[in-house]
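Report on the structure given below.
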Amino acid sequence: MNAAASIDDVLAGLNPQQRQAATFGNEPLLIVAGAGTGKTATLVHRVAWLIAQGIEPGRILLLTFTRRAAAEMLHRADGLLRQLRHPGTTRVWGGTYHAIATRLLRRYGKAIGLPPEFTVHDRADSEDLLNVVRTELNLAKTDKRFPKKGTCMSIYSRCVNARQKLEQVLADSYPWCNGWKEELGRLFDAYVDRKEAASVLDYDDLLLYWDALLADSQAGQTVCKLFDCVLVDEYQDTNALQADILYKLCPEGKGLTVVGDDAQSIYAFRAATVRNILDFPKYYPNASLVALEQNYRSTQPILQAANQVIAQAKERFTKNLWSQRAEGERPLLVHCEDDADQAEFIIHRILEHRETGVELRRQAVLFRASHHSILLEAELARASIPFHKFGGLKFVETAHVKDLLAFLRLAENPRDVVAGMRLLPLLPGIGPGKSQQLMLMLQQAGGDFSTWSAWKPPAGAATVWPKFVGLLQGLVRTPDDLPAQVNRVRKFYGPLMETKYDRIEPRLRDLEQIELIASRYPGRRQMLLELTLDPPSSTQDLAGPPLLDDDYLVLSTIHSAKGLEWDVVYVIHAADGNIPSDMATRNPLEIEEELRLFYVALTRAKNHLYVCYPLRYYHSRYGDQHSYAQLTRFLPNHVLTCFAQRVTGPDGEEAEGDDSDSASIDAHTTSRAVRRQTKDLWD
DNA sequence: CTGTTGAAATTTTTT
DNA sequence: ATTTCAACAG
């Protein structure tokens, strides 16, 4: 056995700035860390250093953007601590704001009148409840169209998270809803009442109640005293409410460390604000700032391109990243004929890279919107290239999975109207009207399902009804053996599902999956909670950790690629309208955010970077009509000098491209479309 | 009150 | 392509 390492040995791998940050004292600290500058390593070392200094692990709070990030950091910190012969990080509080809020509220929520058995609604559930209220208030049928539930929810959520008045939110972000101010106010009032009556919290409530808990003179003290150190990752993507929570949690910033990069702020749509990081020194006058600018990830040519792209941003804190990895080729801008051509080019390149030893898992395809990869997914399947998609619609968000989970949720919390309103209409002869009536009955009976036994169902439901009630009663009686519970629900719901959907085979398999993963959770409540707070981000997550020799390509939305890196990165659909998204070009602020998003995509690449865009988009609705795309506005000519360029041929073969000189393209390209398109490059 | 049908509107990123 | 809404038949 080797002797235990000293803390200096452990810190030896860090550069001076990183070390300064990792070993900084108790005053508030802002670490501005550009992409790939070893931000995670710094944070991990700081955790290890704090513990080595004698801070009790259970008194450290690590707030991250995803649970996965928290787990990875703590795992790495454990590795460092093992070198020091230290027991490790098991008791560190790590997780997202929402997950931590849940833990604290279960324990201390009583102090502010929150029953400890509350359940949590995800975004879709919240929208459903809001919709219930919307119809009750007769807002659904008005002479002019009232905003839809999704829009209402977004407005509500922005008010809460940005801590802004409805009036202001409407003026700033939803001008077309301006005429409904009074109605929206009534709607939100009623919505809040309903949540309270059902003992249900939505995502925003988790933060609101945490904040309220801290504001309470007694409970607030208790919670504050739990932690000596609070470390916050991805601070540029926190919102005003989250900043308030930190402010209360760490009076005068004592023990507070935040890490972020204003150039990578991409969650404004969720009310995150760059102001949190930009104004940190104002909030905490005794704060220190450490900037990390040496990039260890990418080659200099890739970095140069990324720097040029982000240089177009209007307001920035900082900073030009530099790398010692001068070698390497320029990123390649690929002009493709159409979507199919783009897919073909990428598959070709993926296989080429794999032949030279870059495993699939070291390569990633990134895109703006989840549906941008549909065609590529089909082609990958055809080429037998395994892949793993992150982002987009989650497994637990599909209708049949939600149905199944609704059984468990209703058993867990009989006052959960959304779960009930989802389940009851599944039965024949029962629609929204009867469902509402039944939920009212249940509520008056104090959540005792036997009140439903006495109810006389319509003829169509005569046989299923007793079984349905029996099932729920059984679930309430035996909350322990989770897989068995899921199995019983599956037996009941399976046949029902067959009458509701076609193509049921894959859906039936999904239900089996749930039964399998159920055994991983200690109980029903934990499973429901974890599935709403941290839904598996891809179907493969459900199958458990992938086998070691299992090699798969990564497909991901740019948002879900945050914080990750790959040897080879392909950014696809880099056409104006997709990047930036047409949906996000209403005001300059949104466009700025799209620019940062593009920057995030580019800076994921270590050695090879491809940016592809199809010249032609087909519109299935009108036969074979198509339109021509413009290259993303974020690559104007002066930025293009950082790229090599290539044009692919109509049949997917790569035509001769000019790889050596700046923004010029070979004139002998046969496609008229290409020529029309390239004209813009010289403007 | 339920369930079906057809027409109309909307279309992103996520805890 | 998918979701939402209104109209109508049982």
Side-chain angles (χ1 to χ4, degrees), chain A residues 63-70 95-102 120-127 131 134-135 140-142 145-151 153-154 157 160-161 176 201-207 210 234 237-239 241-242 265-272 366-372 374 390-394 396-397 399 424-438 457-461 499-500 529-535 537 556-562 573 577-586 590 593-594 596-598 600-601 619-621:
Chain A
L63 289 166
T64 55
F65 205 70
T66 62
R67 264 256 310 276
R68 207 165 83 216
T96 61
Y97 274 88
H98 297 83
I100 298 292
T102 311
V120 178
H121 272 180
D122 68 11
R123 169 70 186 243
D125 299 329
S126 310
E127 282 181 11
N131 204 34
R134 196 176 78 131
T135 16
K141 59 176 277 286
T142 41
R145 294 171 28 76
F146 191 75
K148 304 212 298 201
K149 63 178 178 185
T151 313
M153 193 69 230
S154 303
S157 196
V160 171
N161 285 294
W176 64 92
L201 302 191
D202 61 24
Y203 285 145
D204 304 329
D205 287 333
L206 290 171
L207 301 181
W210 185 3
E234 310 281 11
D237 284 322
T238 55
N239 60 42
L241 178 52
Q242 289 167 320
S265 158
I266 54 175
Y267 277 86
F269 71 91
R270 212 170 82 186
L366 307 182
F367 34 86
R368 173 66 177 84
S370 178
H371 67 260
H372 288 162
I374 292 174
F390 294 87
L393 191 69
K394 305 252 171 61
V396 289
E397 287 162 359
L424 291 164
L426 291 172
L427 306 176
I430 298 180
K434 288 206 171 67
S435 299
Q436 204 175 351
Q437 208 182 307
L438 283 162
T499 65
K500 283 267 184 257
L529 202 62
E530 291 202 20
L531 285 181
T532 45
L533 287 184
D534 188 32
S537 48
S556 175
T557 59
I558 301 174
H559 282 90
S560 294
K562 186 174 151 90
H573 289 292
N578 291 328
I579 304 176
S581 165
D582 270 336
M583 253 67 68
T585 44
R586 308 192 122 264
E590 284 184 339
E593 171 142 321
E594 297 284 304
R596 295 191 295 266
L597 194 60
F598 188 51
V600 167
H619 306 287
S620 50
R621 200 148 14 141

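Note on naming: letters A, B, ... go to the chains in the order of the sequence lines (proteins, then strands), and numbering restarts at 1 for each one.
Taking side-chain N and O atoms only, A:Arg134 has no distance below 4.0 Å to OP1 or OP2 of C:dT4. For C:dT4, the OP1/OP2 oxygens have a side-chain nitrogen or oxygen of A:Lys149 closer than 4.0 Å.
A:Glu590 is not listed as a side-chain neighbour of A:Thr585, based on a closest heavy-atom distance of 4.5 Å or more. Side-chain contact between A:Val160 and A:Leu241 is present, with at least one heavy-atom pair separated by less than 4.5 Å. The closest side-chain heavy-atom distance from A:Phe367 to A:Thr557 is below 4.5 Å.
Put simply, the side chain of A:Thr238 never gets that close to the backbone of A:Glu234: no donor and acceptor are under 3.5 Å apart. Judged by distance alone, with hydrogens and angles left aside, the side-chain atoms of A:His559 form no donor-acceptor pair with the main-chain N or O of A:Gly391 at under 3.5 Å.
A pairwise comparison of heavy atoms in A:Asp122 and A:Tyr203 identifies CB-OH, 3.5 Å as the closest pair. The nearest pair of heavy atoms linking A:Pro458 to A:Gly429 is CG-O, 3.5 Å.
Atom CG in A:Leu438 sits about 12 Å away from atom P in B:dC1, given to the nearest Å. In this structure, A:Lys148 atom NZ and B:dA8 atom P are separated by 15 Å, rounded to whole Å. Distance CG (A:Asp582) to P (B:dT11): 12 Å, rounded to an integer number of Å.
Annotation: of the two residues near DNA chain B, A:Thr151 and A:Gly429, the 5′-most nearest-nucleotide partner is A:Gly429.
Among the heavy atoms of the strands lying under 4.0 Å from A:Pro428 are primed sugar atoms or P, OP1, OP2 only; no base atom is included. Nucleic acid contact for A:Pro458: none, since no nucleic acid atom lies under 4.0 Å from a heavy atom of the residue. Nucleic acid contact class of A:Arg596 (heavy atoms, under 4.0 Å, all strands): none.
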Can you give me the N/O atom pairs linking the protein to nucleotides 12-15 of chain B at distances under 3.5 Å, or say none if there are none?
unit_1	atom_1	unit_2	atom_2	d
B:dT12	O2	A:Arg368	NH1	3.0
B:dT12	O2	A:Arg368	NH2	2.2
B:dT12	O4	A:Met583	O	3.4
B:dT13	OP1	A:Ser370	N	2.8
B:dT13	O4'	A:Arg368	NH1	3.2
B:dT13	O2	A:Arg368	NH2	3.2
B:dT13	O2	A:His559	NE2	3.4
B:dT14	OP1	A:Thr557	OG1	3.2
B:dT14	OP1	A:Ser560	OG	2.9
B:dT15	OP2	A:Lys394	NZ	2.9
B:dT15	O4'	A:Arg270	NH1	3.3
B:dT15	O3'	A:Thr96	OG1	3.4
B:dT15	O3'	A:His98	ND1	3.4
B:dT15	O2	A:His98	NE2	3.2

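For A:Glu397, there are no salt bridge (charged side-chain N to carboxylate O under 4.0 Å, His left out) partners, not counting sequence neighbours.
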* Structure fact -> Read 5' to 3' with Watson-Crick or G-U pairs under 3.5 Å, [ ] for crossing pairs and | for partners on another strand, DNA chain B gives ||||||||||.....
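If you run salt bridge (charged side-chain N to carboxylate O under 4.0 Å, His left out) between A:Asp237 and each of A:Arg270, A:Lys562, A:Arg596, only A:Lys562 comes through.
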